[in-house]
There are 2 protein chains.
Amino acid sequence: MLSKKTKYGLKALTYLASQQENTPVQISGIAQHENISQKFLESILLSLRKTGFLGSKKGKGGGYYLIKDPKEILMTDVMRVLEGPIAMVPCVSLNFYEKCDDCPDEATCSVHRLMLEVRDSALEVYRSRTLADLIS
Amino acid sequence: MLSKKTKYGLKALTYLASQQENTPVQISGIAQHENISQKFLESILLSLRKTGFLGSKKGKGGGYYLIKDPKEILMTDVMRVLEGPIAMVPCVSLNFYEKCDDCPDEATCSVHRLMLEVRDSALEVYRSRTLADLIS
DNA sequence: TAATTACCCTATCTATTTAGTAGGATAAAC
DNA sequence: GTTTATCCTACTAAATAGATAGGGTAATTA
């Protein structure tokens with residue numbers, strides 16, 4: 001299941017990308033427009049800023065804004081920051097690899113090989129899509 | 001993340017499918033061979049029996065066995081029983097559809113459209129694979 | 001038919017994660 | 001120096017995952 005964090009994060013990013021001008025948008029505005037708890041959204045936007053997707057401005061007229069061109073923002077990067085690993089098991093993860101403690105041999109593990117295919121198919125989608133594609 | 005239930009279930013099914021003869025295999029045997037908690041595996045096998053994948057036999061010489069040919073067991077069906085929906089959000093699920101309460105319009109929802117693509121790509125994998133493919 | 005074997009079923013428990021809340025600190029604008 | 005809006009830490013309720021416990025039931029075999 002996709003977490004609310006990811007869902008809200010994607011909606012917020014899309015909303016920012018759909019703005020005519022890239023001027024700061026307040027959290028409250030995004031929260032209202034996208035039906036998101038403001039405080040929860042606050043923490044999500046904060047993490048998107050810390051990971052280099054958003055810039056922020058304090059005080060009056062402040063808010064969040066996109067740092068990069070939506071066309072340059074790959075879904076792979078967004079998903080990894082918001083949701084974490086794209087793979088469904090750590091042993092097939094490119095960026096969050098971890099060995100299974102119960103599995104003696106990855107090469108012969110049926111789950112490993114199936115999940116490798118699933119990961120690749122998901123990656124294909126995320127790699128081919130940018131934030132610009134999400135705007136309706 | 002793939003749940004342990006699904007992981008163990010897949011491993012158990014693969015193990016049963018890899019047997020020379022389709023005679024009952026005891027839970028304890030599967031648990032040992034696949035490094036799974038026996039009691040936990042018990043409940044997983046029970047659900048696989050109730051959903052028509054496995055048959056069981058009580059008493060001495062008893063155990064679990066496959067009811068169908070591994071080639072006839074699609075990963076889509078196995079995954080839906082073990083893991084639940086293949087979609088990452090209920091609003092793009094074929095078998096577990098649910099409307100989002102926060103989203104006014106699915107057609108214009110950025111998350112909806114992205115997750116539709118991800119679901120389709122996963123479905124493509126699961127539909128093209130059977131239990132027979134998992135045997136190494 | 002009595003003992004053994006192995007599945008069947010319900011209940012309970014603990015740790016972790018998720019989603020959201022509270023409250024104030026900090027910095028920019030006017 | 002007051003208002004505005006982000007920044008940051010901590011806390012909490014609820015749900016879920018992943019077991020574990022303990023006995024019930026049915027089939028086999030002697």
Side-chain angles (χ1 to χ4, degrees), chain A residues 1-12 16 23-32 34-67 81-85 88-90 96 98 100-102 111, chain B residues 1-12 16 23-32 34-51 53-67 82-85 88-90 96 98 100-102 111:
Chain A
M1 275 290 259
L2 198 74
S3 68
K4 298 268 184 190
K5 180 185 173 187
T6 304
K7 190 180 180 185
Y8 295 163
L10 286 172
K11 286 195 170 195
L16 288 176
T23 49
V25 181
Q26 294 172 30
I27 297 175
S28 61
I30 307 173
Q32 249 179 1
E34 300 296 335
N35 277 312
I36 306 172
S37 146
Q38 181 167 337
K39 272 295 190 179
F40 190 24
L41 179 60
E42 206 175 303
S43 68
I44 297 167
L45 295 178
L46 201 62
S47 83
L48 285 171
R49 195 214 58 183
K50 287 184 176 171
T51 46
F53 293 96
L54 299 179
S56 68
K57 205 182 159 190
K58 286 187 181 178
K60 188 165 189 180
Y64 283 97
Y65 52 90
L66 284 175
I67 279 184
V81 160
L82 290 172
E83 188 74 5
M88 293 184 79
V89 278
F96 301 83
E98 234 174 281
C100 294
D101 44 351
D102 58 314
V111 178
Chain B
M1 273 290 261
L2 199 73
S3 68
K4 298 268 184 190
K5 181 186 174 188
T6 303
K7 189 180 180 184
Y8 295 163
L10 286 173
K11 285 194 172 194
L16 288 176
T23 50
V25 181
Q26 294 171 29
I27 298 175
S28 62
I30 307 173
Q32 251 181 359
E34 300 296 336
N35 277 311
I36 306 173
S37 146
Q38 183 168 334
K39 272 293 190 180
F40 191 22
L41 179 61
E42 208 176 300
S43 68
I44 296 167
L45 294 177
L46 202 62
S47 85
L48 285 173
R49 196 214 57 182
K50 287 182 176 172
T51 46
F53 293 97
L54 299 179
S56 68
K57 205 183 158 191
K58 287 186 180 178
K60 188 163 190 182
Y64 283 98
Y65 53 90
L66 284 176
I67 279 185
L82 290 172
E83 188 74 5
M88 292 184 81
V89 279
F96 301 83
E98 235 174 281
C100 292
D101 43 350
D102 58 314
V111 177

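Letters A, B, ... mirror the listed sequences (proteins, then strands); counts begin at 1. Note that the coordinates shown come from a computational prediction; the quantities given were computed from them, not determined experimentally.
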Holding to side-chain hydrogen bond (donor to acceptor under 3.5 Å, both in side chains), I want the full list of residues that pass it with A:Thr6, two or more places apart in sequence or in another chain.
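A:Ser3, A:Glu83.
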Could you check whether any side-chain heavy atom of B:Cys100 comes within less than 4.5 Å of a side-chain heavy atom of A:Lys7, counting everything from C-beta outward?
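With C-beta onward as the side chain, the pair touches.
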Is the shortest side-chain heavy-atom distance between B:Pro90 and A:Met1 below 4.5 Å?
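When only atoms from C-beta onward are counted, A:Met1 and B:Pro90 do touch, with a gap below 4.5 Å.
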Which residues pass the side chain to side chain contact (heavy atoms under 4.5 Å, CB included) test with B:Gln38, sequence neighbours left out?
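So B:Gln38 forms a side chain to side chain contact (heavy atoms under 4.5 Å, CB included) with B:Ile27, B:Ser28, B:Ala31.
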With B:Asn35, which residues qualify under side chain to side chain contact (heavy atoms under 4.5 Å, CB included), at least two apart?
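Applying side chain to side chain contact (heavy atoms under 4.5 Å, CB included) to B:Asn35 gives A:Asp102.
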Within the sub-3.5 Å range, which N or O atoms of nucleotides 16-18 of chain D have a protein N or O partner, and how far apart are they?
residue, atom, partner, partner atom, Å
D:dG18, OP1, B:Lys4, N, 3.4
D:dG18, OP2, B:Lys4, N, 3.0

Run the side-chain donor-acceptor check on residues 41-54 of chain A: report pairs under 3.5 Å with partners two or more places apart or on a different chain.
residue, atom, partner, partner atom, Å
A:Ser43, OG, A:Phe40, O, 2.7
A:Ser47, OG, A:Ile44, O, 3.0
A:Thr51, OG1, A:Ser47, O, 2.7
A:Thr51, OG1, A:Leu48, O, 3.3

Gap separating the NZ atom of B:Lys4 from the CD1 atom of B:Ile36, nearest 0.5 angstrom
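So the gap between those two atoms works out to 10.5 Å.
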Just grab all the salt bridge (Lys or Arg N to Asp or Glu O under 4.0 Å) pairs involving residues 54-63 of chain B, residues at least two apart or on different chains.
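For residues 54-63 of chain B, and leaving out neighbouring residues, there are no salt bridge (Lys or Arg N to Asp or Glu O under 4.0 Å) pairs at all.
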Going 5' to 3' through nucleotides 6-15 of chain D and flagging B where a protein heavy-atom sits under 4.0 Å of the base, S where only the sugar-phosphate is that close, and - otherwise, we get BBB-------
I'd like the 5' and 3' limits of the part of DNA chain C contacted by chain B, with heavy-atom contacts below 4.0 Å.
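Both ends considered, the range comes out as C:dT5 to C:dC9.
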How close do A:Gly61 and A:Pro24 get, counting heavy atoms only, and between which atoms?
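Between these two residues, the closest heavy atoms are O-CB, 3.7 Å.
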Which pair of heavy atoms, one from B:Gly55 and one from B:Ile67, lies closest together, and at what distance?
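Closest approach of B:Gly55 to B:Ile67, heavy atoms only: N-CG1, 3.5 Å.
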